[in-house]
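To find a chain, count down the sequence lines: A is the first, B the second, and so on, and within it residues start at 1.
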There are 2 protein chains.
Amino acid sequence: MDARTPSFDPSPWLPFESRRRARDEKREAVLRTAVHLFLEQGYHRATLTAVADRLNITKPALYNYFRSKDEILFECWALGQERVDEFIAEIGAGGGSGLAKLRKLIRSYAQVMATDYGASLVRFDPRDLTDKNSKIVRAAKKSIDTTFRTYIADGIADGSIKPCDTKLSAFAIAGSLNWIGHWFRRGGALSAEAIAEEFADRLTEGLAAKPIRRKAGPPPEKNKRSRGGSR
Amino acid sequence: MDARTPSFDPSPWLPFESRRRARDEKREAVLRTAVHLFLEQGYHRATLTAVADRLNITKPALYNYFRSKDEILFECWALGQERVDEFIAEIGAGGGSGLAKLRKLIRSYAQVMATDYGASLVRFDPRDLTDKNSKIVRAAKKSIDTTFRTYIADGIADGSIKPCDTKLSAFAIAGSLNWIGHWFRRGGALSAEAIAEEFADRLTEGLAAKPIRRKAGPPPEKNKRSRGGSR
DNA sequence: AATTTTTATTACCAGTTGGTAACTTATACG
DNA sequence: CGTATAAGTTACCAACTGGTAATAAAAATT
């Protein structure tokens, strides 16, 4: 794990690279610890001293990597948003009907929500950020909402989705997905993938113009219930 | 921008007016102001001084009615929970299939979510409360979840709802509903009643064993508007 | 080995805010 | 009217916590 420069290293660049990498690694470690603690205790209750303690350093050391507590919060959010931007770009680049794109969106979004950085997209309060960053967050949220609505509208236009109120439908779907960030627990009864699959079906069942083709077997079977109690 | 309209003052403590209102009325006024401010600024950013200011009194005066800030928070939550308990009792007392009960539940829950006290059920963090109250909140949340699951299971049992994963279905529905507390704005384009109606349809469309009977006319039209609030 | 740069620590401060004590004023009541 | 009680106000504090020198230690560079 130690990326220290080997003494026999011929390149004068590698030391620099490794140094930079070490720094980035530490920065990331701070974020990982911070997002975890912020989620666990809540942003306001979680102190920087507590974050530092978990990293075996002291509070002022954190200021070598971040300028302020709210900057850390913002970076956590940004990492989650990055994931979202990625798959949205992917889906946008690919083809398919509006319904198909919507289902992809749901699947990907659900899986991101099941991660710490993903949860930070909905569990943190933008009002804790600077005005500037708060605006960025709001714009991103708006953009996600627009994506949902666009795909739904696309689906209505191409006939894959029944005519419906795009705004309310988008809210309904986004609500179910965002909620994942609140109840999902790693290692629980449900895997992120299973949730993603199920939600892609469930949340579009009512919207699909035609019944959704299942992977195998005839439509619904027995009551497949999962063991209760997570939360 | 829910404007603070200084044109009229809902506070019982009018600057130079008689101060002989009932104690309970004042207590309620504190809660109304507090829940509003807590939602507007977030619990931690909202100071008791700010709450008091809006009521034309000073911070220590608040302590005539409440013992602490977190007690105020808890009472706000409790008022919202009271509404929920009420309609859950009502629905439980009435009859109907599992699907019918579920739809009633969705309708009522959606409408409560569109109120300040309702939103406080999902916008406030139980970790800000004392351990004791925090437990009460968690128990209540669990109970709501159980209600959702029970109605779904009832529906499956009586044939009104297609076999499905009760846990995930409950989460999906609750998520959509809880999300209302985050985006709903009074005086916006959508009324609480319209949202409630639409959600009762949309969120059960995929679950219903048989197509839902609409109030009138053939299935979906473009941009259908649900009108006529029941209840 | 000496020097510069990076990284971490100790010590500390400032601003905020929930909460309290002492005191004052208004209302109810005998 | 005079007294008791409830309700408000002013003044204040204690504790917490984000953030900042000043400084030491470690690492890289020369």
K.L.:
Does dC16(D) have OP1 or OP2 sitting under 4.0 Å from an N or O in the side chain of Lys59(A)?
P.N.:
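Indeed not, no polar side-chain atom of Lys59(A) lies that close.
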K.L.:
Nearest whole Å is fine: how far is dG19(C) C1' from Ile72(B) CD1?
P.N.:
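So the CD1-C1' distance, Ile72(B) to dG19(C), works out to 12 Å.
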K.L.:
Regarding Asp125(A) and Arg45(B), does a basic nitrogen lie under 4.0 Å from an acidic carboxylate oxygen?
P.N.:
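A salt bridge is present here (some side-chain N lies under 4.0 Å from a carboxylate O).
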K.L.:
OP1 or OP2 of dT6(C) less than 4.0 angstrom from a side-chain nitrogen or oxygen of Arg23(A), does that happen here?
P.N.:
no
K.L.:
Report the nucleotide, chosen from dT7(C), dG19(C), dT20(D), that has the shortest atom-to-atom distance to any side-chain atom of Tyr65(A).
P.N.:
dT7(C)
K.L.:
Given atom OH of Tyr63(A) and atom P of dG18(D), what is their separation to the nearest angstrom?
P.N.:
7 Å
K.L.:
How many whole angstroms separate atom CG of Asp128(B) from atom P of dG18(C)?
P.N.:
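Taking CG of Asp128(B) and P of dG18(C), I get 11 Å after rounding.
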K.L.:
When you measure from the side chain of Thr58(A), which nucleotide among dG19(C), dG19(D), dT10(C) comes out closest?
P.N.:
dT10(C)
K.L.:
Please figure out whether Thr47(A) or Pro60(A) has its closest DNA chain D nucleotide nearer the 5' end.
P.N.:
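Counting from the 5' end, the first nearest nucleotide belongs to Thr47(A).
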K.L.:
Starting at NE2 of His44(B) and ending at P of dA15(D), how long is that distance when rounded to a whole Å?
P.N.:
19 Å
K.L.:
Roughly how many Å is it from CG in Asp24(A) to C1' in dT6(C), rounded to a whole number?
P.N.:
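My rounded result for the distance is 15 Å.
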K.L.:
Could you state the CD-C1' distance from Glu71(A) to dT20(D), rounded to the nearest angstrom?
P.N.:
16 Å
K.L.:
Side chains of His44(B) and Asp128(A): donor-acceptor distance under 3.5 Å anywhere?
P.N.:
no
K.L.:
Could you state the CG-P distance from Asp53(A) to dG18(D), rounded to the nearest angstrom?
P.N.:
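Going from CG in Asp53(A) over to P in dG18(D) covers 12 Å.
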K.L.:
With respect to the phosphate group of dA6(D), does any side-chain polar atom (N or O) of Asn64(B) fall under 4.0 Å of OP1 or OP2?
P.N.:
no
K.L.:
Would you say the ring centers of Phe124(A) and Trp77(A) fall short of 6.0 Å from each other?
P.N.:
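When the ring centroids of Phe124(A) and Trp77(A) are compared, they turn out to be at least 6.0 Å apart.
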K.L.:
Is there side-chain contact between Tyr109(A) and Ile180(A), with heavy atoms separated by less than 4.5 Å?
P.N.:
no
K.L.:
Could you state the NZ-P distance from Lys69(A) to dC16(D), rounded to the nearest angstrom?
P.N.:
15 Å
K.L.:
Between Asp201(B) and Arg103(B), is the closest basic N to carboxylate O distance under 4.0 Å?
P.N.:
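A salt bridge is present here (some side-chain N lies under 4.0 Å from a carboxylate O).
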